[in-house]
> 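This structure is in structure tokens; I'll ask about it shortly.
Here the structure is a predicted model, which means the values were calculated and not measured. Numbered from 1 within each chain, the chains take letters A, B, ... in sequence-line order.
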Number of protein chains: 2
Amino acid sequence: MPSSVPNKRIRKSPAARRAEIVAAAASVALTEGLECITLRRVAEELDVRPGLISHYFPVADDLVAEAYGTAAASELEELLPADRSGATPTRHLARLLARTTGEAYDDISRLWLNARHLSRYRPALRARVGVQEAAWRDRMEALIRDGVAQGEFRTADPLVTAIQILVVLDGLGMLVNSAATSEDPPAVRRLPVTTAERELGLAPGTLGAMPDDSAPTADSGGVGGPRGAAR
Amino acid sequence: MPSSVPNKRIRKSPAARRAEIVAAAASVALTEGLECITLRRVAEELDVRPGLISHYFPVADDLVAEAYGTAAASELEELLPADRSGATPTRHLARLLARTTGEAYDDISRLWLNARHLSRYRPALRARVGVQEAAWRDRMEALIRDGVAQGEFRTADPLVTAIQILVVLDGLGMLVNSAATSEDPPAVRRLPVTTAERELGLAPGTLGAMPDDSAPTADSGGVGGPRGAAR
DNA sequence: AATGCTATTGAGTGTGCGACCAATAAGCAA
DNA sequence: TTGCTTATTGGTCGCACACTCAATAGCATT
């Protein structure tokens with residue numbers, strides 16, 4: 001072990017140390033859960049004493065909220081970048097839906113599930129969840145508005161459509177800790193894509209590859225219901 | 001204080017006591033959350049010593065799982081009774097959707113949210129969640145199959161449709177601890193109804209009153225939000 | 001009324017948590 | 001180099017938790 005026993009002190013600027021602490025806490029939140037953000041756990045992560053964490057976050061709940069906030073915000077930036085100059089709205093939406101379906105997204109699903117539950121007991125966290133919730137809705141709504149403006153999407157109410165897609169994503173995300181997730185019928189995993197394509201007036205397959213249709217199954221063909229203007 | 005200090009012992013049959021404990025725990029789960037099911041809390045509820053709870057549930061996690069299981073099961077019976085002889089599938093579905101939208105359903109939403117998160121850490125609970133999940137899906141699928149057989153519903157895949165409706169309900173339920181829930185546009189609250197009507201080939205309004213478009217009366221029918229295109 | 005089984009208690013163990021605070025030493029400024 | 005500010009430490013306190021176990025007492029049987 002290179003870190004000798006007496007463990008020399010390293011003194012950092014408050015800003016740097018604070019950022020370090022939040023980053024460590026966010027990492028713990030993503031991998032182990034928000035309730036694992038304890039003074040002792042975060043201190044161990046940074047190889048400092050628990051008292052130091054208390055010094056920067058006199059109320060531990062504030063650290064939890066902060067850690068969640070940064071984790072969720074950075075994930076939003078990754079999945080729905082504010083600067084969308086790179087590609088068309090359709091491509092951005094397809095990319096988002098592709099990533100949220102992958103297994104790598106499970107940690108994020110767990111984080112949201114975790115935060116939404118824990119915010120029942122922790123006001124500071126609840127406030128942060130509200131902020132992030134609004135941010136995701138805003139980004140999604142802006143994306144859809146953009147798509148509508150460019151003639152790619154067609155919907156009467158971009159906000160409601162945005163929320164509708166997010167609700168489906170959340171609903172599936174709720175299953176992240178259930179064993180059954182992977183054995184669900186493919187149509188279930190494709191629910192966000194199907195929902196988005198339907199609500200935005202897109203042709204099936206536009207936002208994600210259709211499941212292999214070659215076999216004559218009864219189900220895939222029908223759009224699922226009477227077609228019409230979305231809402 | 002009527003309960004005298006020495007507190008006379010009351011000796012009950014193991015079956016009765018066990019049921020009593022589970023019931024008390026389930027009540028705590030619904031009102032305060034699954035993590036509030038502690039030996040002390042449940043013991044206090046029944047006015048016995050914590051050790052007694054340990055006697056019936058040597059591993060506390062098992063009590064949590066059991067409490068959740070009974071609460072969820074009894075709620076399923078309430079919302080989607082196994083015996084559906086009383087009314088048509090359409091009416092049963094409408095009734096379910098009406099109740100799940102009401103505020104009285106918030107405790108159930110919280111319980112599911114709670115259980116789905118906590119099952120990340122507690123295997124016994126995770127197993128129970130899996131069982132209840134399957135039970136809800138089965139009931140819903142059976143209801144839809146029934147409706148299809150009677151010509152009321154039209155869908156290619158009853159199971160997928162059932163899951164789809166449940167996913168939307170879960171997705172909305174995830175918001176139960178957020179302050180924003182009540183200020184969502186009415187169209188969002190009606191998402192489960194809209195989804196069900198669309199996926200089952202029903203005319204809009206069949207499963208729930210449409211938001212009153214004709215006249216802004218103060219009649220009790222007002223679903224609770226200002227009418228008009230929100231935002 | 002006496003007996004035996006066992007449901008129930010009371011007391012104690014060890015763990016992990018947030019919070020608090022005086023003492024210490026790192027690193028900047030004089 | 002010296003001094004001073006303050007980031008950091010080490011230790012402590014009180015609390016809540018699950019779990020263990022010998023002692024006690026309710027109650028059905030005799």
Side-chain angles (χ1 to χ4, degrees), chain A residues 3-25 28-29 32-68 114 118 120-125, chain B residues 3-25 28-29 32-68 114 118 120-125:
Chain A
S3 58
S4 58
V5 182
N7 229 349
K8 188 167 171 20
R9 287 190 187 181
I10 306 178
R11 191 185 171 109
K12 302 192 174 180
S13 80
R17 186 62 93 183
R18 194 186 158 93
E20 201 182 34
I21 291 173
V22 171
V28 170
E32 303 170 33
L34 291 167
E35 28 276 286
C36 293
I37 299 182
T38 68
L39 302 183
R40 287 164 175 79
R41 181 72 187 81
V42 174
E44 179 196 28
E45 197 81 2
L46 297 173
D47 198 37
V48 296
R49 302 302 115 216
L52 185 60
I53 313 297
S54 272
H55 175 69
Y56 285 94
F57 291 90
V59 174
D61 281 4
D62 292 343
L63 174 56
V64 174
E66 187 81 12
Y68 158 80
N114 195 169
L118 202 58
R120 173 178 185 174
Y121 305 104
R122 315 224 183 168
L125 179 60
Chain B
S3 58
S4 59
V5 183
N7 225 352
K8 188 166 171 18
R9 288 188 185 183
I10 307 177
R11 191 187 173 107
K12 302 193 175 181
S13 81
R17 187 61 95 179
R18 193 187 159 93
E20 200 182 36
I21 291 173
V22 171
V28 171
E32 303 170 34
L34 291 168
E35 28 275 286
C36 293
I37 300 182
T38 68
L39 302 183
R40 287 165 176 75
R41 183 71 188 78
V42 174
E44 179 196 28
E45 198 80 1
L46 297 173
D47 197 39
V48 297
R49 300 309 117 213
L52 185 60
I53 314 297
S54 274
H55 176 68
Y56 286 94
F57 291 90
V59 174
D61 281 3
D62 292 343
L63 174 56
V64 174
E66 188 80 12
Y68 158 78
N114 195 169
L118 203 57
R120 172 178 183 174
Y121 305 105
R122 315 220 183 170
L125 178 60

> Could you work out which one of C:dA19, C:dA7, D:dT8 sits closest to the side chain of A:V59?
C:dA19
> Let's see if you can work this out: which of D:dG26, D:dT8, C:dT8 has an atom nearest to the side-chain heavy atoms of B:K8?
D:dG26
> Rounded to the nearest Å, what distance is computed from the CG atom of residue A:L63 to the C1' atom of nucleotide C:dA19?
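Roughly 14 Å, once rounded to whole Å.
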> I need the CD1-C1' distance between B:I10 and C:dA7, as an integer number of Å.
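Roughly 12 Å, once rounded to whole Å.
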> Once you round to the nearest 0.5 Å, how far does CG of B:D61 lie from CG of B:L125?
8.5 Å
> Starting the side chain at C-beta, find the nucleotide from C:dT9, D:dA18, C:dG18 nearest to A:L39.
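For the A:L39 side chain, the nearest candidate turns out to be C:dG18.
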> Using a heavy-atom cut-off of under 4.0 Å over every strand shown, decide if B:Y56 touches base, sugar-phosphate, or nothing.
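Touches sugar-phosphate only.
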> State, yes or no, whether a side-chain contact exists between B:I37 and B:E32 at a heavy-atom distance under 4.5 Å.
no
> Nearest-Å distance, CD1 (A:I53) to P (D:dG10)?
14 Å
> For the pair made of CD in B:E35 and P in D:dA16, what is the distance, rounded to whole Å?
17 Å
> Does B:R17 make a side-chain donor-acceptor contact with the base of C:dT8, cut-off 3.5 Å?
no
> Ignoring hydrogens and angles, does a donor from either the side chain of B:R49 or the base of C:dT8 sit under 3.5 Å from an acceptor on the other?
no
> Round to a whole Å and report the spacing from CZ of B:R41 to P of D:dA18.
12 Å
> Distance from B:E66 atom CD to B:R18 atom CZ, nearest 0.5 Å?
5.5 Å
> Nearest of D:dT24, C:dG18, D:dC19 to any side-chain atom of B:S54?
D:dC19
> OP1, OP2 of D:dT8 versus side-chain N and O of A:H55: anything below 4.0 Å?
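Result: no.
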> Check the distance between C:dC17's P and A:Y121's OH and give it to me in whole angstrom.
19 Å
> Which residue, A:L52 or B:D61, contacts DNA chain D at a nucleotide closer to its 5' end, judged by nearest heavy atom?
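Its nearest nucleotide being more 5', the pick is A:L52.
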> What is the distance from atom CG of A:L118 to atom CG of B:N114, rounded to the nearest 0.5 Å?
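Between A:L118 CG and B:N114 CG, I get 10.0 Å after rounding to 0.5 Å.
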> Tell me which nucleotide among C:dT8, D:dT9, D:dC19 gets nearest to the side chain of B:A60.
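Closest of the options to the side chain of B:A60: D:dC19.
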> Could you check whether the side chain of A:R40 and the base of C:dG18 have a donor-acceptor pair of N or O atoms closer than 3.5 Å, going by distance alone?
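Such a pair is found, so the answer is yes.
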> Let me know, please, whether B:K12 or B:P58 comes out on the 5' side of the other along DNA chain D by nearest nucleotide.
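With B:K12 and B:P58 compared, the 5'-side residue is B:P58.
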> Can you tell me how far P of D:dC17 sits from CZ of B:R122, to the nearest Å?
12 Å
> Does A:P50 reach a base, just sugar-phosphate, or nothing at all? Heavy atoms under 4.0 Å.
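Answer is nothing: A:P50 stays at 4.0 Å or more from every strand.
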> I need the B:L39 CG to B:L52 CG distance, nearest 0.5 Å.
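One finds 10.5 Å between CG of B:L39 and CG of B:L52.
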> From A:E20 CD over to A:E45 CD, what is the distance, rounded to the nearest 0.5 angstrom?
10.5 Å
> So which one's nearest nucleotide on DNA chain C is more toward 5', B:R11 or B:G51?
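It is B:R11 whose nearest nucleotide is closer to the 5' end.
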> Could you give the CZ-to-P distance, from A:R9 to C:dC28, as a whole number of Å?
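Value for this atom pair: 16 Å.
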